[in-house]
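Inspection log for the structure reproduced underneath, given as structure tokens.
Count residues from 1 along the sequence.
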Amino acid sequence: MFKKSSFLTIQAFIITCLISCYAFAACPAGDINKDCIVNIEDLEILAWQWLSDGTSPANLDQQGKVDLADLAILSKNWLRHNQPLAINEFMAANSSFIKDPQGQYEDWIEIHNFSDQPIDLAGMYLTDDLTTPSKSMIPVGFGDATIVPAGGFLILWADNDPTDGPTHLAFKLSASGESIALFDTGLNLIDAIENYPLQNPDDSFGRLPDGLGDWQTFPANSEKGPTPAAPNDQLTADRNIIISEIMYHPSSQNDLEEYVELFNKGNAPVSLLGWKFNNGITFTFGDVTIPAKSYLVIAADQNAFTAKYPAVTNYVAGWFGHLANSGENLKLINASGGIIDELQYCDEAQWSKRILGPDDYGHRGWLYSDAHDGLGKSLELINPNLPNESGSNWQAGAVDQGTPGSQNSSWLNNTAPIIAKVKQAPIIPNSTENVIITAKIIDEQTSVLAVILYYRLDQSVYAIDSYPEFDPAEYSTITMYDDGDHNDAAAGDGIYAAAIPPFADGDIVEYFIEASDNQGNIRTMPAACDIDGIDQQVANHLYQVDDSYDPDTIQQGGEMPVFYLIMTEAESARLAYIGSHDPDRYSNAVMNGTFIGIDGTDTNIRFNVGIRNRGEGTRRQPPNNYRVRFNHNDQFRGVSKINLNSKYTTIP
């Protein structure tokens with residue numbers, strides 16, 4: 001017979017494990033008394049049958065005697081309820097892996113139903129705080145949207161925005177670690193993972209085998225990567241299929257010569273039977289397979305493609321629609337309806353190179369290189385190991401008419417880190433405020449060496465025949481950190497941040513970001529511009545300090561919108577000169593600037609917009625009218641350009 005003091009020792013062990021162990025198994029295997037919940041009654045039975053032989057119901061592992069191994073099984077399932085559901089996988093730092101139905105990279109939680117009957121989650125609860133089990137209720141009345149199929153999976157989006165739909169939760173996940181729990185409609189615990197460890201960007205954490213196995217990391221860049229809405233023991237072969245080349249504006253101007261190329265970057269063949277493009281172009285795949293490390297071309301028209309590329313045999317053809325020359329949102333969906341790759345390419349901004357254009361009535365302005373926009377080149381993915389949604393990872397190919405069905409001419413497997421999602425806060429600072437700059441940094445080797453923020457006070461002066469030149473001595477530098485202590489979101493989530501110190505009222509500040517890896521690869525954002533064949537870091541992000549701006553009074557619904565156009569003094573003065581001289585006033589030379597729009601509901605900022613004078617008779621004297629052109633993949637209120645009437649403001 002077991003002594004009471006020993007029983008208390010076992011209780012203490014259980015309590016200690018509940019505090020320090022973070023995993024609960026999927027089935028209530030510790031349910032000794034068969035009441036479908038693992039609780040103190042089961043613990044008492046195990047304690048009184050301690051060291052009994054293998055016939056005891058407390059011998060949970062059916063091995064030897066009732067011992068610590070059985071106690072471990074019971075502790076892992078402590079307070080588990082009888083619902084055949086499990087938290088099976090989650091991603092707490094979804095930066096570029098999978099988008100929700102609204103097109104956003106949000107954290108997600110996968111629920112697995114390991115029974116042979118569908119289960120509706122309606123009325124059940126998810127939480128990231130075990131002391132608040134009712135934090136987010138799955139809403140009732142949404143039919144199949146909240147049902148987990150028999151033996152299947154359901155993805156719930158932890159984005160703290162339940163207004164997006166019934167599968168969106170009222171909390172976000174922390175990459176630095178916290179808890180996740182699932183409760184039934186009566187707030188009985190079904191499953192939980194407590195105090196999960198630090199999560200790396202785009203890695204998931206899940207059970208293997210599904211529902212009842214130990215928790216482990218599924219790295220994003222591996223064959224055993226994240227498997228949202230699929231078994232964790234399934235190789236993520238589907239997600240190895242990526243869009244790798246686009247011929248969207250053939251030099252012949254014949255849309256039938258357009259094509260899109262797919263690349264299988266994995267080590268296993270992938271069947272595309274039942275896959276489809278359903279955005280940008282419409283095409284459904286038949287029984288075709290892409291071998292490992294191989295390519296498949298989807299051509300607009302078979303006859304046009306074979307006539308132009310007779311040596312290419314790895315293709316399918318016959319889509320509906322055409323690719324827009326200014327940019328398109330392509331969406332590739334597998335046979336299960338999952339979005340495998342979504343890409344919004346563009347002919348401007350990061351997707352192209354900014355150049356100082358030719359003389360236009362005595363003045364030169366900024367243009368975008370268009371070698372892949374009607375001049376014979378295709379748009380090629382550079383590094384398949386980095387996100388292909390970033391324009392920084394694409395460029396015009398070196399081969400005329402493209403490289404369909406074979407390795408891209410731009411191909412590299414080790415490139416500089418991607419710099420994405422650059423944000424500035426506040427958008428309009430006053431003279432007492434630091435300006436926090438944040439950016440998402442992604443590298444294929446996770447070997448980011450340094451992220452540096454360069455900034456300077458604009459002191460440029462306009463001269464008619466002078467154009468900007470980069471002088472690093474004019475810039476101050478600050479190291480950006482991802483440690484959770486420098487205004488970045490959380491340590492290790494890939495978000496780097498630094499603070500630019502206050503400047504005086506009216507000052508214009510220019511900045512850019514530089515990221516490098518351990519192999520000596522360096523990238524800047526914005527990218528350097530081409531000035532007569534020489535790269536110069538001269539068309540950067542800009543903001544202006546404004547002590548007159550009061551966000552509490554200017555953003556009142558229903559009032560007239562307020563627009564800010566921010567340029568360096570040299571470029572602002574050039575526009576003024578163009579608008580007050582003949583024949584200069586006919587020049588359409590474009591200046592680099594920042595646009596800020598305040599319309600009573602929110603404040604929007606767009607960097608690297610193009611600003612030029614506009615009009616005909618109104619060009620002769622100031623104040624000048626302006627045309628502001630937004631990059632095609634970063635429009636303002638759904639438009640690519642707006643005209644600002646500065647001269648006759650009473651005219652609608």
Side-chain heavy-atom pair [X], [Y] within 4.5 angstrom cut-off:
X    : Y    : answer
Y462 : Y577 : yes
V509 : H541 : no
N195 : S179 : yes
Q537 : T524 : yes
I534 : D532 : no
L330 : I246 : yes
I598 : I428 : yes
N624 : L575 : no

Give, for atom [atom1] of [X] and atom [atom2] of [Y], the distance between the pair rounded to the nearest 0.5 Å.
X    : Y    : atom1 : atom2 : result
F263 : I243 : CZ    : CD1   : 14.0 Å
K440 : D488 : NZ    : CG    : 11.0 Å
I418 : D443 : CD1   : CG    : 9.0 Å
W157 : D107 : CH2   : CG    : 9.5 Å
I508 : D546 : CD1   : CG    : 11.0 Å
D341 : S244 : CG    : OG    : 9.5 Å

Side chains of [X] and [Y]: donor-acceptor distance under 3.5 Å anywhere?
X    : Y    : result
S96  : D202 : yes
H249 : D373 : yes
S431 : D547 : yes
S410 : N408 : no
D347 : Y248 : no
N430 : D505 : no

Is a side-chain donor or acceptor of [X] paired with a backbone partner of [Y] at a separation under 3.5 angstrom?
X    : Y    : value
D507 : A504 : yes
Q424 : I437 : no
E245 : T403 : yes
D482 : G494 : yes
T594 : F607 : no
R456 : E510 : no
N94  : F97  : yes
K265 : P384 : yes
E571 : N592 : yes
N393 : N383 : yes

For a quick test of reading the model, state the closest non-hydrogen atom pair linking [X] to [Y] and the distance between them.
X    : Y    : result
D100 : E106 : OD2-CG, 3.4 Å
T438 : I495 : CB-CG2, 4.2 Å
M525 : S392 : CE-OG, 3.7 Å
R574 : A463 : NH2-O, 3.2 Å
H168 : P101 : NE2-CD, 4.4 Å
W394 : L379 : CZ3-O, 3.4 Å

How about Y496 and H486: are their ring centroids closer than 6.0 Å?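 Judged by ring-centre distance (under 6.0 Å), Y496 and H486 do not meet the cut-off.
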
Stepwise, does the side chain to side chain contact (heavy atoms under 4.5 Å, CB included) test hold for Q635 with S640? CA-CA 5 Å; Q635 297 181 353; S640 60; 3.8 Å; yes

Verify the neighbour count for atom NZ of K99: are there more than 12 heavy atoms of other residues, nucleotides or ligands below 6.0 Å?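 Result for NZ/K99: enclosed.
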
Tell me whether L198 at atom CG has more than 12 heavy atoms from other residues, nucleotides or ligands lying less than 6.0 Å away.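 Yes, because the 6.0 Å sphere around CG of L198 holds more than 12 heavy atoms from other groups.
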
Where does the angle between the aromatic ring planes of [X] and [Y] fall among parallel (under 30°), tilted (30 to 60°) and perpendicular (over 60°)?
X    : Y    : answer
F630 : F636 : tilted
F470 : Y475 : tilted
F205 : F90  : perpendicular
Y543 : Y511 : tilted
F595 : F563 : tilted

Looking at R612 and D360, is any side-chain nitrogen of the basic one under 4.0 Å from a carboxylate oxygen of the acidic one?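 Salt bridge absent between D360 and R612.
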
Which residue is it: R354, K641, R629? I am looking for the one with a salt bridge (charged side-chain N to carboxylate O under 4.0 Å, His left out) to E348.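 Result: among R354, K641, R629, R629 is the only option passing the salt bridge (charged side-chain N to carboxylate O under 4.0 Å, His left out) with E348.
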
Kindly determine whether L173 and Y196 satisfy side chain to side chain contact (heavy atoms under 4.5 Å, CB included), including the steps that lead there. CA-CA 11 Å; L173 296 180; Y196 61 75; 3.8 Å; yes

Please evaluate residues W366 and V538 with respect to the criterion side chain to side chain contact (heavy atoms under 4.5 Å, CB included), reporting the C-alpha separation (whole Å), side-chain torsions for both, the decisive distance (0.1 Å), and the verdict. CA-CA 11 Å; W366 299 111; V538 292; 3.7 Å; yes

Y626 and N613: CA distance, side-chain angles, deciding distance, side chain to side chain contact (heavy atoms under 4.5 Å, CB included) verdict: CA-CA 5 Å; Y626 298 111; N613 291 332; 3.4 Å; yes

